[in-house]
Asks: 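Just passing along the structure, written as structure tokens.
It should be emphasised that the depicted structure is a prediction, and the values quoted were computed from it without experimental measurement.
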Amino acid sequence: MKYGYDIVLDFDGTVVKHRYPDVGEDIGAIPVLRRLIKNGHRLILCSMRSRNSDGVDTLQPALKWFEDNNIPLYGINENPSQKTWTSSPKIYGDIYIDDAALGAPLKTDDSDAPPFIDWGAVSLYLLHFGCLSKRDIVELWPSLDLKG
């Protein structure tokens with residue numbers, strides 16, 4: 001298994017349902033993100049949340065969500081380690097997970113929320129990239145059949 005990837009995450013529609021400026025409901029990201037941290041990967045939040053047009057800080061509720069769920073962030077809208085080799089404002093990462101990405105595995109439910117990341121499918125991608133092991137997948141998603 002590979003260790004030490006910088007994984008860049010969007011927030012709304014990626015780790016929670018879309019409910020901006022509020023924080024949306026859980027979509028299954030918490031156990032996967034915790035397992036990624038346990039496996040030595042670093043999470044970087046890449047979000048447009050900041051101050052809205054009324055001056056309200058919409059980033060802090062997202063940061064509180066990570067804190068409340070015991071998911072430490074390596075960076076917030078930046079990759080701290082890239083400053084040593086570039087001044088580019090683009091956040092460097094080995095993997096990007098964003099509901100707006102072309103081909104991102106999405107799902108919907110019976111609510112009025114727009115589509116959001118399917119963490120079961122993302123977990124299988126993370127298995128393929130070596131970020132999660134087969135054991136991780138079995139523990140995270142016991143109903144999946146990985147015999148093939």
Side-chain angles (χ1 to χ4, degrees), residues 1-50 58-86 88-148:
M1 186 164 46
K2 297 177 183 173
Y3 298 94
Y5 277 161
D6 289 336
I7 301 173
V8 180
L9 301 167
D10 178 41
F11 187 69
D12 298 285
T14 299
V15 298
V16 296
K17 288 183 184 176
H18 288 276
R19 291 285 189 246
Y20 180 87
D22 298 323
V23 172
E25 296 84 18
D26 176 47
I27 58 172
I30 295 168
V32 179
L33 298 178
R34 286 181 181 160
R35 187 63 57 109
L36 289 169
I37 294 292
K38 181 181 174 186
N39 288 352
H41 304 292
R42 300 182 295 199
L43 304 180
I44 300 168
L45 176 63
C46 179
S47 176
M48 290 189 62
R49 284 178 171 260
S50 60
T58 59
L59 177 60
Q60 289 308 310
L63 298 180
K64 185 172 180 351
W65 181 91
F66 282 97
E67 182 181 322
D68 289 350
N69 287 291
N70 299 311
I71 301 169
L73 292 171
Y74 175 64
I76 301 163
N77 289 331
E78 70 173 5
N79 181 330
S81 64
Q82 81 183 51
K83 293 178 181 180
T84 61
W85 55 273
T86 183
S88 174
K90 180 179 178 181
I91 299 171
Y92 171 78
D94 299 295
I95 297 172
Y96 297 79
I97 304 173
D98 190 325
D99 64 300
L102 180 65
L106 302 176
K107 66 181 185 178
T108 59
D109 61 14
D110 294 332
S111 73
D112 62 344
F116 47 87
I117 286 290
D118 178 342
W119 280 95
V122 166
S123 295
L124 294 176
Y125 284 121
L126 293 167
L127 170 66
H128 174 75
F129 282 104
C131 299
L132 296 175
S133 68
K134 281 190 176 183
R135 180 178 179 161
D136 291 330
I137 298 298
V138 169
E139 290 175 2
L140 290 166
W141 310 102
S143 63
L144 286 180
D145 179 11
L146 296 178
K147 293 177 184 167

Asks: Taking side chain as C-beta onward, heavy atoms only, is Val16 less than 4.5 Å from Asp26?
Replies: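 Heavy-atom side-chain distance check fails, nothing below 4.5 Å.
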Asks: So how far is it from Leu43 CG to Ile76 CD1, rounded to the nearest 0.5 Å?
Replies: 11.5 Å
Asks: Could you tell me whether the side chain of Thr14 and the main chain of Asp99 form a donor-acceptor pair under 3.5 Å?
Replies: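 Present.
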Asks: Quick one: does Trp119's side chain get under 4.5 Å of Val15's, heavy atoms only?
Replies: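 Sidechains of Val15 and Trp119: in contact.
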Asks: Under the criterion side chain to side chain contact (heavy atoms under 4.5 Å, CB included), I'd like the reasoning laid out for Ile37 against Asn70: C-alpha separation, chi angles, the key distance, then a yes or no.
Replies: CA-CA 10 Å; Ile37 294 292; Asn70 299 311; over 6 Å; no
Asks: Any chance you could measure Leu9, atom CG, to Ile91, atom CD1, to the nearest 0.5 Å?
Replies: 10.5 Å
Asks: Give the minimum heavy-atom separation between Ser47 and Asp10, together with the two atoms involved.
Replies: CA-OD1, 4.4 Å
Asks: Do Gln82 side-chain atoms and Ser88 backbone N/O form a donor-acceptor pair below 3.5 Å?
Replies: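 Yes.
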Asks: Would you say that Tyr74 contacts Asn79 through its side chain, given a criterion of any heavy-atom pair below 4.5 Å between the two side chains?
Replies: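 Side chain of Tyr74 against side chain of Asn79, heavy atoms only: contact under 4.5 Å found.
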Asks: Could you walk me through whether Leu59 and Phe11 pass the side chain to side chain contact (heavy atoms under 4.5 Å, CB included) check?
Replies: CA-CA 10 Å; Leu59 177 60; Phe11 187 69; over 6 Å; no
Asks: Closest approach of Ile27 and Gly13, non-hydrogen atoms and distance?
Replies: CD1-O, 4.2 Å
Asks: Nearest 0.5 Å please: distance from the OG atom of Ser133 over to the CD atom of Glu139.
Replies: 7.0 Å
Asks: For Ile95 and Cys131, which heavy atoms make the closest approach, and how far apart are they?
Replies: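 Scanning both residues completely, I find the closest heavy atoms to be CD1-SG, 3.5 Å.
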Asks: Look up atom CG in Asp12 and atom CG in Asp22, then write down how far apart they are to the nearest 0.5 Å.
Replies: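 One finds 10.0 Å between CG of Asp12 and CG of Asp22.
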Asks: Taking C-beta and beyond as the side chain, do His41 and Leu126 meet within less than 4.5 Å on heavy atoms?
Replies: no
Asks: If I compare all heavy atoms of Thr58 with all of Pro61, which pair ends up nearest, and what's the gap?
Replies: O-CD, 3.4 Å
Asks: Report the C-alpha separation of Asp94 and Tyr96 in whole Å, then their side-chain angles, then the decisive distance to 0.1 Å, and conclude whether the side-chain hydrogen bond (donor to acceptor under 3.5 Å, both in side chains) test is met.
Replies: CA-CA 7 Å; Asp94 299 295; Tyr96 297 79; over 6 Å; no
Asks: State, yes or no, whether a side-chain contact exists between Leu36 and Tyr5 at a heavy-atom distance under 4.5 Å.
Replies: no
Asks: How far apart are the closest heavy atoms of Val8 and Gly93, and which atoms are they?
Replies: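 In terms of heavy atoms, the two residues are closest at CG2-CA, 3.7 Å.
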Asks: Check the pair Arg49 / Asn77 against side chain to side chain contact (heavy atoms under 4.5 Å, CB included), numbers first and verdict last.
Replies: CA-CA 10 Å; Arg49 284 178 171 260; Asn77 289 331; over 6 Å; no
Asks: Side chain to side chain contact (heavy atoms under 4.5 Å, CB included) between Ile71 and Trp65: does it pass, once the steps are laid out?
Replies: CA-CA 9 Å; Ile71 301 169; Trp65 181 91; 4.1 Å; yes
Asks: Do Leu140 and Leu132 come within less than 4.5 Å of each other through their side chains, counting heavy atoms only?
Replies: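 Sidechains of Leu132 and Leu140: in contact.
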Asks: Check this for me: does any side-chain nitrogen of one of Asp112 and Arg19 sit under 4.0 Å from a carboxylate oxygen of the other?
Replies: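 Yes, charged N to carboxylate O under 4.0 Å.
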Asks: Would you indicate whether the side-chain heavy atoms of Val32 and Val122 approach each other to under 4.5 Å?
Replies: no
Asks: Would you call Asp136 and Lys38 a salt bridge, using N to O less than 4.0 angstrom?
Replies: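 Salt bridge flag = no for Lys38 with Asp136.
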Asks: Do Leu124 and Pro105 have side chains that approach each other closer than 4.5 Å (heavy atoms only, starting at C-beta)?
Replies: no
Asks: Which atom names give the shortest non-hydrogen contact between Arg42 and Asp6, and what distance separates them?
Replies: NE-OD1, 2.7 Å
